[in-house]
Amino acid sequence: MEFRTVSTLDEALAELDERGGDTAVLAGGTDFTIQYLRGELRPASVLHIERVEQLKSVTNGSGLRLGALVTHRQLSTDAQVVRHASAVAEAAATVGGWQTMAVGTVGGNVCNASPAADVVPALLVHEAEAVLASKQGGERRVPLDRFILGRRRVDRRPTELLASLALAAPPPRTGDAYVKVGRRGAMEIAIVGLAARLTFDESGVVRDARLAVGSMASTAVRLPTAESALVGTSLDSGALDEAGRLLLEAVNPIDDVRGSAAYRRAVAPRVLARAAELCRQRALAGA
Amino acid sequence: MQLTLTINGRDHQTDVPVGSTLLQVLRDELRLTGTKEACVEGECGACTVLLDGNPLDSCIYLAHAAAGRSVTTVEGLVRSDGVLSDLQQAFLECGGVQCGFCTPGLLVTLSAFLDSGAEPTREAVTRSIVGNLCRCTGYSQVVDAVQLAAERRAAGR
Amino acid sequence: MTVIGTAVVRTDGEAKVRGDALYTVDLEVAGQLHGRLLRSPVPAGVIRYLDTTAARALPGVRAVLTAADAPAVRAGWLVKDQVLFASDRIRFEGEPIAAVAADTVEEAQAAVDAIVLEIEELPAVCDLEAALDAGAPLIHPDWERYETDLPPFPRRGNLACEMVSDPPGVDEAFARADFVVEGEYRADRQYQAYLEPKSTVAVYEDGRFIVHTGSQYPFNVRDRVAQFLDVRPSAVRIVGHHIGGGFGAKLDAALEPYAALLARATRRPVRLANTRAEDLLTCPSRENAIVRIRSAVTKTGEIIGRDVVCYMDNGAYCGEMPLMPGLPLHMAGANYRVGPTRVISRLVYTNTTPTGAFRGVGGTYCCFAVERHMDDIADRLGVDRREFRLRHLFEDGDRLLNGQPLDDAGILREAFDAVEERAPWKTLAAPNGRYRGVGLAAATWLVNPMPASVTLRLNDDGTVGLITAANDNGSGAVHTGLVQILADEFGVSPTDVIVNAPDTDLAGYDAGSQGSRTTHVVGRATQEAAANLKRAIADVAATLLEAAPDDIEIRSGGAHVRGVPSRVVSLSEIGRASKATTGTLTGSGNYASPLPEFNPACASGLLFPCLWTPSYHVHLAEVEVDPVTGNVHVLRYVVAQEVGRAINPVAVAGQIQGGVAQGLGYTLFENLRIEDGRYVERTLENYRLPVAVDIPPVEAIVLEHAFAEGPHGARGVAEPPILPVAAAIGNAVSHAIGQPITKIPITPEDVLAALASPGRNGSRR
């Protein structure tokens, strides 16, 4: 196995252009290295991009732009992320311990495409787009729900690098939240991880709803039917029940070692209601 | 593949295969056995070291990714005169050490916590060490130790 | 000023915080090879084909051993039912089939992978009750031929041990009862999950085996290695090292006999170390169990009789498990007067990993069952749960079901009172309009009585050398407890007590760090040894001081002539003088706890006859349940614990906090489920140990009623804090949700299911 460390984006893209085929891109490596040690990954070469400074910042223009190498620790504490995408900060704060958060990156989390990735549902409700760069093709933008194709499968071409994630700017009176179900108070892989972003009008009626849930299907998924059920309502229990019911229609949870499908089904609608309520509180607090 | 690391302030050159973890280099190549291996999946934190001041699990960090950077292990936590750090001393006094196998990792993480200047509330301290499993102490005396060390630091300033 | 009762810093602490302390996994012996084991991938089956030819031919491989290369013997702690390698029948997943030694771990693993193995898989026997059915396949068809040093006890087929106590009056009590309350309580296994996975390095030299290992019980490992290798015990020397946690799982041999066999075969030192996954898979975890209790109750609220049946999972081999069926007898009728009680406990062979000791052996789930049952009865009667306990509470002189009198059982009431003072029950138990609940549980527990031997020597620099096979498992019982006892005896600094690492060639027999025994039992032996060393010192000092030996007093680091303050000679002077005259001064001492009064005819199969050195415990837990997820949050945890004397208050607090934390893990987080003979949870990602944010600081109230036989009155401290945790939390959660919890661990799924069940008792809130 070859190992190359690059320190600029141009170097990284040049390397990928030259030998993209069987190259694994390594950032913090918290997922990669475990899979490598288990023998699940055996790439011919590793491109270590962790030191590319251009990919480490959070900027805010017409929406947040998260560099692919922004760590979970950065995400969880960055003032702009906390302010404009608290669901993302909340989700990042639950990704393992300090040791994982300090090196694990948002780009890595997205590209690892675990069905249980915490940050992904939060990014989905913020309409994130994967911004891909390549030496020949320039920039390509793919909505995140289309970028993630399945468990550990993403729409990244061998010569491309995930450079950043572009989030939509939330309208006024918007609140967002990420609610995670796990056994312990930390160090949990989500049994259910649900993100919500709700926008309210002045009378407290939901004008826009985005919901996404992880660990309930082979990838994290948006929940358009459940979203529709909330729009135009004041989050009364009937609406929440209906959204919960539609959530369950849209997912296909399995029994695994962390939790049964029955538990996931029992808990997900309740978590939806909890997340929606948090969105309301935050939207009103911000209004 | 050649690898240069600065470990506890000293440069080390070694030649290890790509795919070696930082922990393997520390323990097997350099025989710095203070850093412990206990799960090799990033769950327990016994292998925690600082890389340029940030704690990480050296069992799941590739050694070559750390090339040229500065690594601090438990052996590097003592003061430059060889005396125990305030945190190490407080661990002894407060009962933060029992079997001692998780202790190096805890000390490394908590050194970073103290250096961050964060308020050492019980909530903040316990939150900082969720990635460090301890099976003996139930964590309480570890928190006591951090608070004692922080108090002494504050008083010393 | 004495150091007894003070927070002396543990004398191995500095090495541990510096990272200098060498554990077994850190050892490297010159020329060592690396071993790996081929373990069975299935829980039950028959080996049809085993070929090591290809493995032997691989580079770096020095030996590939199978049953054909090992002595044809059976070994075992209590029953010789174990073989070193499976050769025909596979009895559990992870059972060793072959062992490889090679120049590197990778080469050893490659050789393991190259062994050709064909197994005809058979259905795994793992249902505890079905395993005892007449037609059930036998795990050990040859069970009758297995030897044991124990007196005969009831066992047959898959029933590894049966304990029956059937006193007169039980059926009469049920006939007389106004109603009967019944309950079934279940518990899964619990993995000790010490941070240091098991490892060993074995050296073969002069026909003897030198085995390095971080064992809790070096002499037991010595005996097992000797049995498996079919050599006399003194042909094995166990050298102990710092232990990265054990909690009962490092009492018996694990990797040591394989490393010894490989070392002999290769004439090279051989290191073996478990991966975490191997360690979890093969560790003698706390047994899963089923406890059924029926109580005969009068309408005035008196329990007048009880009937208990307990099934315990032995796994594939016995280890020390045949002792365990005695525990339900001691737990079923302790703390509270419950009338004549019948107890039947059955230890059952299954196609699963052999179970073993874990802090609070056999007690945690019995305490859970009995204390949950007490709440169930109180709820049925509609009376206050605390009042109900106090009404039945033991007093001084009440007897356990084995007839053992507890002269100081009145301490239980003090413990209830102490908890009440800290956390008033009426306030906590009142309806709160939320999913909050409170639970109480009590326990009476023992100190392991087995023998200790200690030798002390006065070194020529005046320090005191402590030679013992008692190992400090992390509790501090050696590095604070024994050290403080010696520092007190001789009036020296704790740092002037030099603790020798356990070495079975040097130290006398010691029964290991188990059952809270080190401070109490080894402490007493240490005091005996100190008295003998003092006599030897006094003889030398008498000459130096020109006084009669009887007039010499050893204190403050020197020998003093009584009543003449100016006539004193320091221990270092005496040490130097002895080097030139008498030779090194030594003193040895032995101690084992005496057998308490009890009725040996109370039961059959009672291999664990009584509760030596009893201590008393009351725990209170306050929890809040998240009705959305079913998660349980522990808001508050109060412990009142009788310790006799806290030799080191910080160490005692650490044992209580740590024991409760393990209990909370057992109760709320640590699933170790078995499906078709296999563990479902196989890594630390899925086997969830509690993390720092899950454990509240325990409010510990330490009661100190000196126990006459203990050193400075000390009883034992380490085991009991785990005992009542599942019970107290189970009672609190049941209170919070208005539904009885009957299973450990209490999962969010269980809680949510209980909340959804129609019979919920809403009146609680």
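Quick caveat, the model's predicted, so the values are computed rather than measured. All chains are named by letter (A, B, ...) in the order of the sequence lines, taking the proteins before the strands, and each is independently numbered beginning at 1.
With C/Glu685 contributing its side chain and B/Glu41 its backbone, the two residues share no donor-acceptor pair below 3.5 Å. Not one N or O on the side chain of C/Arg18 forms a donor-acceptor pair closer than 3.5 Å with the backbone of B/Val78. Panel note: side chain C/Gln657, backbone B/Thr137; no donor-acceptor pair is recorded below 3.5 Å. Using a distance-only test at 3.5 Å, with no hydrogens or angles considered, a donor-acceptor pair links the side chain of B/Gln141 to the main chain of C/Val650.
Using a 4.0 Å cut-off between charged nitrogen and carboxylate oxygen, B/Lys36 and C/Asp26 count as a salt-bridge pair. Classification of C/Arg276 and B/Glu37 as a salt-bridged pair fails, no side-chain N sitting under 4.0 Å from a carboxylate O.
In the model, B/Gln88 has no side-chain atom that pairs as donor or acceptor with a side-chain atom of C/Glu14 under 3.5 Å.
Heavy atoms closer than 4.5 Å to chain C are found in both the backbone and the side chain of B/Gln98. Looking at B/Val97, the atoms closer than 4.5 Å to chain C (heavy atoms on both sides) sit in the backbone and in the side chain alike. Both the backbone and the side chain of C/Pro690 come within contact range of chain B, judged by heavy atoms closer than 4.5 Å. Proximity to chain C is limited to the side chain of B/Thr103, based on heavy atoms less than 4.5 angstrom apart.
The heavy-atom pair separating B/Glu43 from C/Leu684 by the smallest distance is OE1-O, 3.6 Å. When every heavy atom of B/Val74 is checked against every heavy atom of C/Val17, the shortest pair comes out as CG2-O, 3.5 Å. Nearest heavy-atom pair across B/Arg27 and C/Val25 is NH2-O, 3.2 Å.
Chain B forms the most heavy-atom pairs under 4.5 Å with one residue out of C/Gly658, C/Ala277, C/Ala661, and that residue is C/Gly658.
For the atom pair NZ (C/Lys16) and CG (B/Leu107), the distance works out to 12.5 Å, reported to the nearest 0.5 Å. In this structure, the separation between CD on C/Glu699 and OG on B/Ser140 is 10.5 Å, given to the nearest 0.5 Å. The line from SG of B/Cys99 to CD1 of C/Ile243 is 9.0 Å long, rounded to the nearest 0.5 Å.
Centroid-to-centroid, the aromatic rings of B/Phe101 and C/Tyr23 come within less than 6.0 Å.
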